[in-house]
Amino acid sequence: MKHDAHKLVFIGAGNMAEALIKGVLHKSLASPEDVAATDVNGVRLEYIRSAYGVETFEHNAAGVALADVLFLAVKPQSFGEVLPEIAEHLNREKTLVISIAAGVSTSRIESALGEGTRVVRVMPNIAALAGVGAAGVCAGRWANGDDLARAEDILGAVGVAARVEESQMDAVTAISGSGPAYVFYLIEAMQEAAKELGLNENTARRLILMTVRGAAELCESSGEPAALLRERVTSKGGTTAAALAVMKEWGVKEHLVEAMRAARDRSNELSGPKG
Ligand SMILES: NC(=O)c1ccc[n+]([C@@H]2O[C@H](COP(=O)([O-])OP(=O)(O)OC[C@H]3O[C@@H](n4cnc5c(N)ncnc54)[C@H](OP(=O)(O)O)[C@@H]3O)[C@@H](O)[C@H]2O)c1
């Protein structure tokens with residue numbers, strides 16, 4: 001066991017919890033004996049135990065009592081049931097609570113778990129399953145800088161984590177939370193075009209996926225704005241210019257911005273009254 005090991009306990013051992021368990025073990029942020037998970041689904045628990053060698057519990061209470069860091073990784077609709085159960089067994093001095101549930105505010109969690117509970121809220125995305133997720137992280141009322149840093153370290157094991165204010169969580173949801181779907185949509189469009197233009201499906205898939213990854217990596221490694229990279233690759237009168245002229249004519253960029261505004265508004269509606 002690492003000298004600074006803390007017991008990480010996941011309430012809900014679904015897809016996101018699995019991604020995080022895999023990430024922290026792979027990056028040696030914790031050993032299997034420092035990690036535990038609970039779930040209502042016994043088959044799922046058996047899988048998590050045998051795949052990762054972590055401790056599992058059928059009852060949330062057993063996990064809560066052990067936790068230094070307690071991850072709330074159930075669906076938002078399960079919070080009504082899970083929070084009172086946690087409140088009964090939580091050690092408020094010891095345990096940092098990290099919620100990854102979409103749209104559940106820190107104030108809702110704090111009022112259910114009691115005054116002084118240190119809560120960090122995270123908005124991850126599905127790419128965490130591939131170890132390359134992007135997450136927004138914000139502190140609740142009683143969480144401190146060390147708590148945020150701990151959440152960032154753990155999320156950092158499955159991608160990047162960026163600190164934001166809680167008031168920006170709907171924006172994070174619209175940009176990086178739902179973001180992978182926008183990129184899948186672009187990939188779909190490129191695949192449809194490739195088919196129409198006569199490319200073999202497998203060849204097109206390989207070329208497109210590397211193109212998307214390559215563009216992101218070049219943007220990151222060069223540190224240059226996307227607009228500048230786009231201009232540099234667009235010769236006057238060339239093929240890229242022909243494609244971009246169509247996109248401009250159809251207002252593709254403006255419509256994408258509009259789409260993300262709609263996602264932000266929907267996130268705001270779904271998370272209900274703020275408080
Ligand atoms: N997946 C994503 O891309 C994504 C992105 C951003 C945020 N999130 C957030 O991450 C959280 C987890 O999502 P997920 O995709 O990992 O969900 P998931 O795969 O459905 O995992 C949730 C697990 O919790 C179990 N569970 C249900 N009620 C429980 C209870 N009372 N006590 C203990 N376990 C219980 C579920 O069992 P049953 O299936 O038997 O009900 C399931 O195994 C959600 O709050 C979601 O908003 C997910």
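Counting starts at 1 for both ligands and their atoms, in listed order. Start at 1 with the first residue, then count along the sequence. In this text the structure is predicted, and so the values were computed from the model without any measurement.
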**Request:** Report yes if the side chains of Glu55 and Val35 come closer than 4.5 Å at any heavy-atom pair, otherwise no.
**Result:** no
**Item:** Lys/Arg-Asp/Glu bridge criterion (N-O < 4.0 Å) met for Arg44, Glu18
**Value:** yes
**Message:** So if I count the atoms of ligand 1 from 1 in the order they appear, which ones are less than 4.0 Å from some heavy atom of Asn15?
**Reply:** 16 (O), 19 (O)
**Numbered atoms and elements of ligand 1 in range of Ala102, under 4.0 angstrom, heavy atoms** = 47 (O)
**Asked** What class does the angle between the rings of Phe10 and Phe71 fall in, given that below 30° is parallel, 30 to 60° is tilted and above 60° is perpendicular?
**Response** parallel
**Item:** Beyond-backbone contact of Tyr52 with Leu25, side-chain heavy atoms, under 4.5 angstrom
**Value:** yes
**Request:** Can you pull out the closest protein heavy atom to atom 38 (P) of ligand 1? Residue, atom name and distance to 0.1 Å, please.
**Result:** Val40 CG2, 4.2 Å
**Request:** Just let me know how Glu81 lines up against ligand 1, side chain, backbone, both or neither, with a heavy-atom cut-off below 4.0 Å.
**Result:** side chain
**Item:** Heavy-atom nearest option to atom 8 (N) of ligand 1, drawn from Ile100, Leu45, Leu83
**Value:** Ile100
**Message:** Once you restrict to heavy atoms under 4.0 Å, what part of Val82 touches ligand 1? Side chain, backbone, both or neither.
**Reply:** side chain
**Asked** Looking at ligand 1, does Pro76 have a heavy atom less than 4.0 Å from it?
**Response** yes
**Prompt:** Of the backbone atoms (N, CA, C, O) and the side-chain heavy atoms from C-beta on, which set of Ala128 has a member under 4.0 Å from an atom of ligand 1: side chain, backbone, both, or neither?
**Reply:** neither
**Prompt:** Quick one: are Met16 and Pro124 in side-chain contact, heavy atoms under 4.5 Å?
**Reply:** yes
**Request:** Using distance alone, with no hydrogens and no angle criterion, decide if Ser105 and Glu166 have a side-chain donor and acceptor under 3.5 Å apart.
**Result:** no
**Prompt:** Below 4.0 angstrom, N of the basic side chain to O of the carboxylate: do Glu115 and Arg92 qualify?
**Reply:** no
**Complete:** Logged contact type for Asn60 with ligand 1, heavy-atom cut-off 4.0 Å, is side chain
**Message:** List ligand 1 atoms under 4.0 Å from Val74, heavy atoms only on the residue side.
**Reply:** 11 (C), 24 (O), 26 (N), 29 (C), 33 (C), 34 (N), 35 (C), 44 (C), 45 (O)
**Fill in**
shortest atom 37 (O) of ligand 1-to-protein heavy-atom contact is with Asp39 OD1, 3.3 Å
**Message:** Any donor-acceptor pair under 3.5 Å linking the side-chain atoms of Asn60 with those of Thr38?
**Reply:** yes
**Asked** So, are Lys7 and Asp34 salt-bridged, with charged N and O less than 4.0 Å apart?
**Response** no
**Item:** Protein contact of atom 3 (O) of ligand 1 - nearest heavy atom, named by residue and atom, plus distance
**Value:** Ile126 CD1, 3.3 Å
**Shortest protein contact, atom 15 (O) of ligand 1 (heavy atom only)** = Lys75 NZ, 3.5 Å
**Prompt:** How close does the nearest protein non-hydrogen atom get to atom 28 (N) of ligand 1, and which residue and atom is it?
**Reply:** Ser78 OG, 3.7 Å
**Prompt:** Using heavy atoms and a threshold below 4.0 Å, how should the contact between Glu85 and ligand 1 be classified: side chain, backbone, both, or neither?
**Reply:** neither
**Prompt:** For atom 12 (C) of ligand 1, what's the nearest protein heavy atom and its distance?
**Reply:** Ala73 O, 3.3 Å
**Message:** Suppose I only count heavy atoms of Met123 and a 4.0 Å limit; which atoms of ligand 1 are within that range?
**Reply:** 6 (C)
**Request:** Might you work through the side chain to side chain contact (heavy atoms under 4.5 Å, CB included) test for Arg118 and Val97, ending with a clear yes or no?
**Result:** CA-CA 6 Å; Arg118 286 142 51 226; Val97 176; over 6 Å; no
**Request:** May I ask you to identify the nearest protein heavy atom to atom 21 (O) of ligand 1, giving residue, atom name and distance to one decimal place in Å?
**Result:** Gly14 CA, 3.2 Å
**Prompt:** How is the hydrophobic cluster of Leu270 composed, in terms of its other members, when Ile, Leu, Val, Met, Phe, Trp and Tyr link through side-chain heavy atoms under 4.5 Å apart, directly or indirectly?
**Reply:** none
**Atoms in ligand 1 flagged as close to Pro124, the criterion being non-hydrogen separation under 4.0 Å** = 5 (C), 6 (C), 7 (C)
**Note: Lys195-Glu201 ion pair, threshold 4.0 Å (strictly below)** = no
**Smallest separation among heavy atoms of Leu155 and Ala161, with atom names** = CB-CB, 3.9 Å
**Prompt:** Which protein heavy atom lies closest to atom 4 (C) of ligand 1, and at what distance to 0.1 Å?
**Reply:** Met16 CE, 3.5 Å
**Prompt:** Below 3.5 angstrom, do we get any N/O pair linking Ala13 and ligand 1?
**Reply:** no
